[in-house]
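Taking it in order: structure first as structure tokens, then the write-up.
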There are 2 protein chains.
Amino acid sequence: MRIAVVGAGALGLFYGALLQRGGNDVKFLLRRDYDAIVQGGLQVHSLDGDFHLPMVAGFRQAEEIGIVDLVVIGLKSWANDHYPELVGPLVGPATMILTLQNGLGNEQLLAELFGAHRVYGGVAYLCANRGEPGTVHHLGAGRIVLGALHPRNGVHATELAGLFTAAGVPCQAVDDIMKARWEKLVWNIPFNGLCAHLQRPVGELLASRKMTQLIREIMGEVITAANAQGLREPILPDYAQEMITFTLAMTGSYRPSMQLDRMEGRPLELEALLAKPLEAGRKQGVAMPLTAALYAFLELP
Amino acid sequence: MRIAVVGAGALGLFYGALLQRGGNDVKFLLRRDYDAIVQGGLQVHSLDGDFHLPMVAGFRQAEEIGIVDLVVIGLKSWANDHYPELVGPLVGPATMILTLQNGLGNEQLLAELFGAHRVYGGVAYLCANRGEPGTVHHLGAGRIVLGALHPRNGVHATELAGLFTAAGVPCQAVDDIMKARWEKLVWNIPFNGLCAHLQRPVGELLASRKMTQLIREIMGEVITAANAQGLREPILPDYAQEMITFTLAMTGSYRPSMQLDRMEGRPLELEALLAKPLEAGRKQGVAMPLTAALYAFLELP
């Protein structure tokens, strides 16, 4: 399958590398890593085994790639204004678009621009960080949950899941991608938010009994807001503890992407991860005071 | 009146200096500022006019001071374990003890040690910071609200208020010192807590609309907890806005004491300002999730 990876951060590089190793024709739209990857290929350090791809097709402009079968988007959501020039040239009549980005609003914007029928949303439970240019570190997990924005496209969602599974990525197709999005927010809001605000990795937060309780309460707010959105099935309250257990199994030194963004002075994904979920909660009359407090902290100049 | 000032931080030095200037026989129990004050006196930089007291009675041990009529306590509340040796030698049969410390629990501990009949609690609305040894900066406000722990001692509370008023400190005696304590907590918990956690002065917080809203919500939690404690009269909900207006009138660069404590690596008054109010709320079934979150942040090692 001809695949273009747009937004080659840790997530895009890691999944793109696996898809290429799995026999697909993968083209990477690159900025920071362009020179390193075109000259030296892509090095994956993974707890599942390191590997190196010597020949990687890197491009600076989407026009140079042209139309593909599948666009996989790993952009930071604050760059979504650039969808037209980054994604547009890749889209032909049969192209599918899968966004693996965080937060709310990505599928909807892609649907407005390119038509809902081709849009798929995926949620990645991946611990990975970029290393030196041309290098990605896979630190844990990696499962993807994906689904079609348009319910009739469930069969294609299953095919997409098969594509990832064949490449070695545990992947599950679900009927309700919005439920999967909110489930990911149950993790993202407290962990991305608090790790970024406090500049501490996940393990340091979970070492504090009070902080763990705060994380659990923020998760509770997100679950309540999620279940007010008319999901096909509710997120069960137990999901909070499940996510805490999942996080306890990670390396304690793991830094979520927003923590790294803050460390390195990049913009934060506040709109997709905090503003939109808060707005969605507010529209349904759900109070999210702890989430709002976290947003207030993160937004301070 | 023979007065001993125990805990000569910004608050103790400032009020002690005013009481001495007002004609009282004031003795200061000193540590950091001992040499500077004994040699060069005490310099007050005040927006009401600077003044210098060339002769100040400084002591290193309470035994050297002996029994006084009034002990004024400005210690950090985490030093309350030292009440016996710091306050004990100053107390004779007729001695009154006025604690101007922050938070909950100070009056009760003094009552256990020295008898409730001699204990008075005062709440100081003072913006002051210590400068170089022997120097105190009065940056704004200064009003004291005080009352007797034991209701029968109201007449003495009025006398104490007169003592401060005569020295130029606006001072009001109230029947219910616990209400005054909680009113001060309505300010202290959000402003001491958030300024210390975020390492920003009051003005930077109030420059953010979201942060101001968070401050208002934390104040709401404290007011609800206060009004569940059986105060003689409730704190009205408007009090939150009143405190925000009061703070907007301060110099925006004002750093509450807990912010300075954190900056300078000293212990924080978490027990008196956060743990005890949270416990008091919990005992009455009042949820204080934002206050608990703030405590969790401040307690992180």
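In what follows, chains carry the letters A, B, and so on, assigned in the order in which the sequence lines appear, proteins first and then strands, with residues in each chain numbered from 1. Predicted, not measured: the structure shown is a model, and the values here were computed from it.
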More than 12 heavy atoms of other residues, nucleotides or ligands under 6.0 Å from [atom1] of [X]: is that the case?
X	atom1	value
A:Arg130	CZ	yes
B:Glu264	CD	yes
A:Arg209	CZ	no
B:Arg232	CZ	yes

Show the nearest heavy-atom pair for residues A:Glu217 and B:Pro289, with the distance to one decimal.
OE1-CB, 3.8 Å

Nearest heavy-atom pair of B:Leu214 and A:Ala293: which atoms, and what distance?
CD1-CB, 3.5 Å

Could you tell me the separation between the CZ atom of B:Phe297 and the NZ atom of A:Lys210, rounded to the nearest 0.5 Å?
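B:Phe297 atom CZ to A:Lys210 atom NZ measures 13.0 Å (nearest 0.5 Å).
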
Please round to the nearest 0.5 Å and tell me the distance separating atom NE2 of B:His197 and atom NE2 of A:His197.
2.5 Å

Identify which part of [X] has an atom lying under 4.5 Å from any heavy atom of chain A, answering side chain, backbone, both or neither.
X	answer
B:Arg200	side chain
B:Leu194	side chain
B:Leu198	side chain

